[in-house]
Number of protein chains: 2
Amino acid sequence: MSQSKTDPRVVRTRKLIMEAFVDLSSKKEFKDITVKDITTEAMINRATFYYHFEDIYDLLEKALSEVLLINLDCHNFEENGINGDSIVLIFKAITNFQKTLSNRCHRGYEDTIARIIREQLEVIFYKMLLKQNTEEENEALKIAAVMLSWGIYGASVEWRRNSREILPDEFIKSAIPYMMTGIKFSKLG
Amino acid sequence: MSQSKTDPRVVRTRKLIMEAFVDLSSKKEFKDITVKDITTEAMINRATFYYHFEDIYDLLEKALSEVLLINLDCHNFEENGINGDSIVLIFKAITNFQKTLSNRCHRGYEDTIARIIREQLEVIFYKMLLKQNTEEENEALKIAAVMLSWGIYGASVEWRRNSREILPDEFIKSAIPYMMTGIKFSKLG
DNA sequence: CCCGAATCGTTGTATTTCCAACACATTGTA
DNA sequence: TACAATGTGTTGGAAATACAACGATTCGGG
C-alpha cells in the first residue's frame with residue numbers, strides 16, 4: 001500500500017524494456033530473442049537489464065503478467081465481489097489474452113504461460129474473496145482462490161480444445177450456475 | 001567530427017524535453033509555458049532540465065534550431081554546392097518551417113526566431129561554400145554566408161508580406177539568376 | 001575434435017538523473 | 001500594503017544508468 005513512489009527512472013526503463021520485448025515478440029519466436037536484442041531495441045545498457053530482471057525468463061513472466069493484468073482491468077473486479085458477471089468478464093479477458101498471444105511465438109513455453117495466468121487469477125480471486133468475507137478464514141480463502149483459478153483456466157483450455165465455435169460468453173455462462181453454488185458452499189464452510 | 005558518441009541517457013532526456021516543449025507549444029503560447037510544465041510533461045526532474053539547458057529561452061533556441069534543421073534536411077545540401085536547385089529547396093524549407101510555426105504561438109519572439117533562422121542558414125551556407133572553394137578565403141566565405149542568409153531570409157519576409165499568392169518556388173526562382181551572378185562574383189573576388 | 005564468434009551474467013567505476021531544500025522573484029488577492 | 005502561492009535557478013547527496021571488461025557458456029563451421 002504505502003510503498004514510497006518508485007523512482008521515475010525505473011518506471012521509464014521498465015517501460016522501455018517491456019515495449020521492446022513486446023515489439024520483438026511480434027517479429028521473432030521467444031527462443032530467438034536475446035537479451036542483447038532487447039536492450040538494443042530499448043536503447044538501454046545491457047547491465048541495466050540485469051538490474052531489473054533476473055534473466056529473460058523473468059522478463060517473460062513479468063511482461064505477460066502485466067499484459068494480462070491490463071486485459072483483466074482488475075480494478076473493476078477487486079472492488080466488487082465474485083458473481084456471474086465478473087466471472088464472465090474474467091473468462092473473456094483470458095480467452096482474449098490468449099488470442100493476442102497466439103499472434104506471438106512462445107512455442108515451448110505453453111506451461112510457463114499457463115502458470116502465469118493461473119497465478120494472476122489466483123491473486124485476483126483472493127482479493128475478491130477477501131472483500132466479501134470479513135472473517136479470518138484466510139487459509140480457506142487461499143485454497144478457494146487456487147481452485148477458482150485452476151477451474152477458470154481449465155475452462156479456457158476446454159473452450160479452445162473443442163468449443164471455439166461457441167462465443168466465450170455463452171460457453172462460460174452455461175457453467176456459471178453450478179460454479180456459483182460451489183462458491184456459496186465454500187463460503188458457508 | 002570525432003566527438004565521442006554522447007551518452008544515451010542525454011539523448012533520451014533531450015528528446016523527452018524537446019517533445020514535451022513542442023507538444024505544449026501547440027496548446028499554449030510560449031510566454032505561458034513554464035519550466036515546470038515542460039518537466040512535468042516530459043516526466044523528468046526539474047533539476048535535470050537545468051543540466052541540459054540554461055533556461056527556457058535556451059530551450060526555445062535549440063528546439064527551433066533542431067526543427068528547422070530537420071526541415072532543411074541539410075545532409076543533401078552540404079554535400080553539393082550552392083546552385084539554383086539548392087536555393088529553391090532551402091527557400092521552400094524556410095517558408096514551410098514558418099508555416100508550421102504559425103500554428104504555434106510565439107508572439108513577442110519573432111525577432112528571436114528570425115535570428116535563429118538566419119544563424120542556421122549561415123552555418124549551412126558556410127559549409128556549402130567551403131565545399132566549392134578549396135582555397136583559404138575563410139573570412140570572405142564567412143561574410144558571403146552571412147549575406148546569403150540575410151538575403152534568403154529577407155526574401156521569405158518579402159514573400160510573406162505581399163506575395164503569398166505566388167508559390168514559394170516561383171517566387172524565389174525569379175530572383176535566382178541575379179543571385180547566382182552575385183555568387184559567381186564573390187567567388188572571383 | 002577445436003576454434004572463433006556471440007551471448008550470458010557479473011563487477012567496478014564514471015556519469016547522469018532524481019530529490020529535497022534553499023533563497024529569490026513574480027503574481028494574485030485580501 | 002501584506003501575505004500566500006507559484007515559479008526560478010542552484011546546490012549536495014543519493015540512486016539509477018552507462019560503460020568497459022571479465023570469465024563462462026553456447027553454438028556453428030572447418
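Letters A, B, ... are given to chains in the order of the sequence lines, protein chains preceding strands, and every chain is numbered from 1. Note that the coordinates shown come from a computational prediction; the quantities given were computed from them, not determined experimentally.
- Going from atom NZ of B:Lys5 over to atom P of C:dT15 covers 16 Å, rounded to whole Å.
- Separating the CZ atom of A:Phe53 from the C1' atom of D:dA16 is a distance of 15 Å, rounded to the nearest angstrom.
- Backbone-only engagement by B:Arg12 is indicated by non-hydrogen atom pairs under 4.0 Å involving sugar-phosphate atoms exclusively.
- Set against C:dC8, D:dC19, D:dG9, the side chain of B:Pro8 has D:dC19 as its closest nucleotide.
- Counting to the nearest Å, the P atom of C:dT26 and the NZ atom of B:Lys36 are 20 Å from each other.
- Listed by chain and number, the residues in a side-chain contact (heavy atoms from CB on, under 4.5 Å) with B:Lys27 are B:Asp23 (sequence neighbours excluded).
- The base of C:dT7 lies outside donor-acceptor range of the side chain of A:Arg46, with no N or O pair under 3.5 Å.
- Listed candidates were D:dA16, D:dG7, C:dG9. Nearest to the side chain of A:Val10 is D:dA16.
- The minimum heavy-atom distance linking A:Ile44 with A:Phe49 is given by the pair CD1-N, 4.0 Å.
- The base of C:dT17 is not paired with the side chain of B:Arg9 by any donor and acceptor separated by under 3.5 Å.
- Annotation for B:Asp32 and B:Asp37: closest pair O-OD2, 3.7 Å, computed over non-hydrogen atoms.
- Under 4.0 angstrom from either OP1 or OP2 of D:dA16 there lies at least one side-chain N or O belonging to A:Tyr51.
- Side-chain nitrogen and oxygen atoms of B:Tyr50 include none within less than 4.0 Å of the OP1 or OP2 phosphate oxygen of D:dT10.
- Phosphate contact (OP1/OP2 of C:dT17, side-chain N/O of B:Asn45, threshold under 4.0 Å): absent.
- At a threshold of 4.5 Å between side-chain heavy atoms, the hydrophobic network of Ile, Leu, Val, Met, Phe, Trp and Tyr places B:Val123 and B:Ile113 in two separate groups.
- OP1 or OP2 of C:dT17 sits under 4.0 Å from a side-chain N or O of B:His52.
- Neither OP1 nor OP2 of D:dA16 sits under 4.0 Å from any side-chain N or O of A:Thr48.
- Side chain of B:Asp7, nearest nucleotide from D:dT17, C:dC8, D:dA18: D:dA18.
- Nearest heavy-atom pair across B:Phe171 and B:Ala155 is CE2-O, 3.5 Å.
- Here C:dC8 presents its C1' atom at 14 Å from CD of A:Glu54, a figure rounded to the nearest Å.
- When the local axes at the two ends of the helix from C:dC1-D:dG30 to C:dA30-D:dT1 are compared, using 5 base pairs at each end, they differ in direction by 30° after rounding to 10°.
- In this structure, B:Ile44 atom CD1 and D:dA16 atom C1' are separated by 15 Å, rounded to whole Å.
- Remark: P of C:dC19 and CZ of B:Phe49 are 18 Å apart, rounded to the nearest angstrom.
- Placement of B:Phe125 and B:Met147 in two distinct hydrophobic clusters is found when ILVMFWY residues are connected by side-chain heavy-atom separations under 4.5 Å, directly or transitively.
- Using a 4.0 Å cut-off between charged side-chain N and carboxylate O, B:Lys173 and B:Glu170 make no salt bridge.
- A:Glu41 approaches A:Ala20 most closely through the heavy-atom pair CG-CB, 3.5 Å.
- For the pair B:Thr13 and C:dT17, the criterion of a side-chain N or O lying under 4.0 Å from OP1 or OP2 is met.
- Counting any heavy atom pair closer than 4.0 Å across all strands shown, B:Ile56 reaches no nucleic acid atom.
- The distance between atom CG of B:Asp32 and atom P of C:dG28, rounded to the nearest whole Å, is 11 Å.
- Between A:Ile38 atom CD1 and D:dT17 atom C1' the separation is 18 Å, expressed in whole Å.
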